[in-house]
Chemist: 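My questions will all concern the structure given below.
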Amino acid sequence: MYNPFPYSLDNKRYHTYNYFLKTKYHQKIAKVALNADFTCPNRDGTVGFGGCTFCSAKGSGDFAGDVNQTLMTQFVQGVKMMTRKWPDAQFIAYFQAFTNTYAPVERLQERFEPFAQMDNVVGIAIGTRADCIDEDIAAYLADLNTRTDVYVELGLQTIHDETAKRVNRGHDYETFKQAVALLRRYHLDVCVHIINGLPYETFDMMLETAKAVGQLDIQALKIHSLYIIEQTVLANEYREHPFPVMTRDDYIKLVVEQLRYIPARVVIERLTGDAVAEDLIAPLWSRNKTTILNDIDKLMAKNDIIQGDALILSPQ
């Protein structure tokens, strides 16, 4: 079947992460998720307590390594597991849990530098927050980027400050835009995370987030639905005052529409994600990731949609 979208190796009508990795590195690349024992400024009292209301006790690193083990032990175990499936793979060390630039540069060097020297590591991905990026950190990451590929993953979730306050994000959208601009000034690749289904956001509000993100100088995007999981502030709120949760059909329709406003050059690293199954309260439909992705593909094909086509069709 003919696919009109160029940044894909299969039937996908969006710029797949698989396409990006294979065309850049010409081999299988796998991410190994790590827990480097950081925290967040909205957990330790710097800007707030409790963290984002949706965030798990493991700082959204539920599939990362065991914090009680050294980073290198976590990495070796992850590599061992992945090479069973991909014997010739190389790896990206993914600092996933909590805020991985929330520390002095010297501490970041201790965490990151060993991976920049490893033959089987092609890059380092760093999950963090916009309010934990400053000039010194950006300069260090730019230096690190000369020795291994560096990908900075910024959790935005929403452009709407009223929602950000509701979920205790701890900074506003303007802070986020400033962080992106700073990182790009140092020629660092930025991947933005957004969440569909945050409490009381409408379809139009979520689409506005995607439209705004599509106007930024970013290199990659991750989209997933809100997960209400056990032992979070949001779980308590949901039980006490239930709020509407997105339906599966609405989520698929929204993602397809959001992709129309993301430039074709932007890599789509995720269109849905995973929650720990036994901890998931809602939405339960999110458990079947493969069928969600398949139905996104089907809807895009049915309506002859490709990533960024609304930008192509809009008047200049």
Side-chain angles (χ1 to χ4, degrees), residues 12-14 17 51-56 60 62-63 153-169 173 176 191-214 220-262 266 268-303 305 307 309-310:
K12 308 294 185 183
R13 289 170 165 249
Y14 55 89
Y17 195 36
C52 296
T53 62
F54 53 79
C55 193
S56 72
S60 293
D62 298 276
F63 298 100
E153 302 200 13
L154 287 182
L156 170 62
Q157 323 314 351
T158 177
I159 66 167
H160 302 286
D161 287 340
E162 64 270 30
T163 304
K165 291 178 182 177
R166 186 177 291 125
V167 299
N168 196 38
R169 188 178 65 195
Y173 181 46
F176 178 85
C191 174
V192 176
H193 294 214
I194 64 174
I195 295 178
N196 290 330
L198 291 169
Y200 305 107
E201 284 210 340
T202 64
F203 186 101
D204 287 344
M205 291 173 71
M206 291 178 267
L207 184 57
E208 285 170 9
T209 289
K211 288 180 176 180
V213 167
L221 176 66
K222 287 184 177 181
I223 305 173
H224 66 73
S225 66
L226 176 70
Y227 302 130
I228 304 172
I229 56 177
E230 296 287 1
Q231 298 182 337
T232 60
V233 173
L234 191 63
N236 295 333
E237 292 177 0
Y238 184 70
R239 287 190 173 108
E240 292 174 10
H241 303 287
F243 52 84
V245 177
M246 287 194 81
T247 67
R248 184 181 185 279
D249 285 349
D250 284 345
Y251 182 79
I252 290 167
K253 291 174 184 175
L254 174 62
V255 169
V256 169
E257 190 64 16
Q258 287 175 320
L259 287 173
R260 301 187 67 211
Y261 294 91
I262 305 300
V266 175
I268 306 300
E269 293 197 19
R270 176 196 294 161
L271 289 181
T272 185
D274 302 286
V276 177
E278 56 267 30
D279 292 339
L280 182 66
I281 298 171
L284 296 180
W285 54 258
S286 67
R287 288 175 174 168
N288 201 330
K289 181 176 178 178
T290 300
T291 64
I292 296 167
L293 294 174
N294 288 343
D295 285 350
I296 288 171
D297 293 338
K298 290 175 184 176
L299 186 58
M300 293 183 80
K302 177 183 177 182
N303 295 334
I305 287 170
Q307 179 182 332
D309 65 3

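Worth knowing before you read on, the calculation uses all heavy atoms, side chains too, and leaves out hydrogens, waters and symmetry mates.
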Chemist: About how many Å separate CE of Met300 and CD1 of Ile296, when rounded to the nearest 0.5 Å?
Modeler: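 The CE atom of Met300 is 8.5 Å from CD1 of Ile296, to the nearest 0.5 Å.
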
Chemist: Would you say that Thr272 contacts Ile223 through its side chain, given a criterion of any heavy-atom pair below 4.5 Å between the two side chains?
Modeler: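 Of all side-chain heavy-atom pairs linking Ile223 with Thr272, none is under 4.5 Å.
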
Chemist: Any side-chain donor-acceptor pair under 3.5 Å between Glu153 and His193?
Modeler: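 Yes.
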
Chemist: Any side-chain donor-acceptor pair under 3.5 Å between Asn196 and Gln258?
Modeler: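 Yes, a side-chain donor-acceptor pair sits under 3.5 Å.
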
Chemist: Would a distance-only check, ignoring hydrogens and angles, find a side-chain to backbone donor-acceptor pair under 3.5 Å from His160 to Glu201?
Modeler: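 No.
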
Chemist: I want to check something: taking the side chain as every heavy atom from C-beta on, are Asp297 and Tyr14 in contact at a cut-off of under 4.5 Å?
Modeler: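 Touching, per the 4.5 Å side-chain cut-off.
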
Chemist: Please answer whether the main-chain N or O of Ile159 pairs with a side-chain N or O of Thr209 as donor and acceptor at a distance below 3.5 Å.
Modeler: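 Flag set: sc Thr209 to bb Ile159 pair under 3.5 Å.
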
Chemist: Applying ring pair (Phe, Tyr, Trp, His ring centres under 6.0 Å), run through His224 and Tyr227 and close with a yes or a no.
Modeler: CA-CA 9 Å; His224 66 73; Tyr227 302 130; 5.3 Å; yes

Chemist: Tell me if a side-chain donor or acceptor on Arg166 pairs with a main-chain N or O of Pro199 at a distance below 3.5 Å.
Modeler: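 It does hold such a pair.
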
Chemist: Would you indicate whether the side-chain heavy atoms of Ile195 and Ser225 approach each other to under 4.5 Å?
Modeler: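 No, their side chains stay 4.5 Å or more apart.
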
Chemist: For residues Tyr251 and Val255, determine if any side-chain heavy atom of one lies less than 4.5 Å from a side-chain heavy atom of the other.
Modeler: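 Of all side-chain heavy-atom pairs linking Val255 with Tyr251, at least one is under 4.5 Å.
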
Chemist: Leu259 and side-chain contact (heavy atoms from CB on, under 4.5 Å): which single residue from Leu271, Leu254, Val266, Ile305 fits?
Modeler: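 Single side-chain contact (heavy atoms from CB on, under 4.5 Å) partner of Leu259 among Leu271, Leu254, Val266, Ile305: Leu271.
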
Chemist: Taking the side chain as every heavy atom from C-beta outward, state whether Val233 and Asn168 have any pair of such atoms under 4.5 Å apart.
Modeler: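 When only atoms from C-beta onward are counted, Asn168 and Val233 do not touch, as no gap falls below 4.5 Å.
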
Chemist: Donor-acceptor pair, Arg169 side chain versus Cys52 backbone, under 3.5 Å?
Modeler: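 No, because the side chain of Arg169 does not come within donor-acceptor range (under 3.5 Å) of the backbone of Cys52.
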
Chemist: Does a donor on one side chain sit under 3.5 Å from an acceptor on the other, for Thr291 and Asn294?
Modeler: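 Checked: Thr291/Asn294 side chains show no N/O donor-acceptor pair below 3.5 Å.
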
Chemist: Salt bridge check, Lys211 against Glu257: does any charged N sit closer than 4.0 Å to a carboxylate O?
Modeler: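 Looking at Glu257 and Lys211, the cut-off is not met.
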
Chemist: Would you check, one step at a time, whether the test side chain to side chain contact (heavy atoms under 4.5 Å, CB included) holds for Ile194 with Thr158?
Modeler: CA-CA 6 Å; Ile194 64 174; Thr158 177; over 6 Å; no

Chemist: State, with a plain yes or no, whether a side-chain heavy atom of Gln307 is found less than 4.5 Å away from one of Arg13.
Modeler: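 In short, these two side chains do not touch, never coming nearer than 4.5 Å.
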
Chemist: Judged by atom type as modelled, is there a donor-acceptor pair below 3.5 Å linking the side chain of Trp285 to the main-chain atoms of Asp249?
Modeler: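 Checking the backbone N and O of Asp249 against the side chain of Trp285, no donor-acceptor pair under 3.5 Å is found.
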
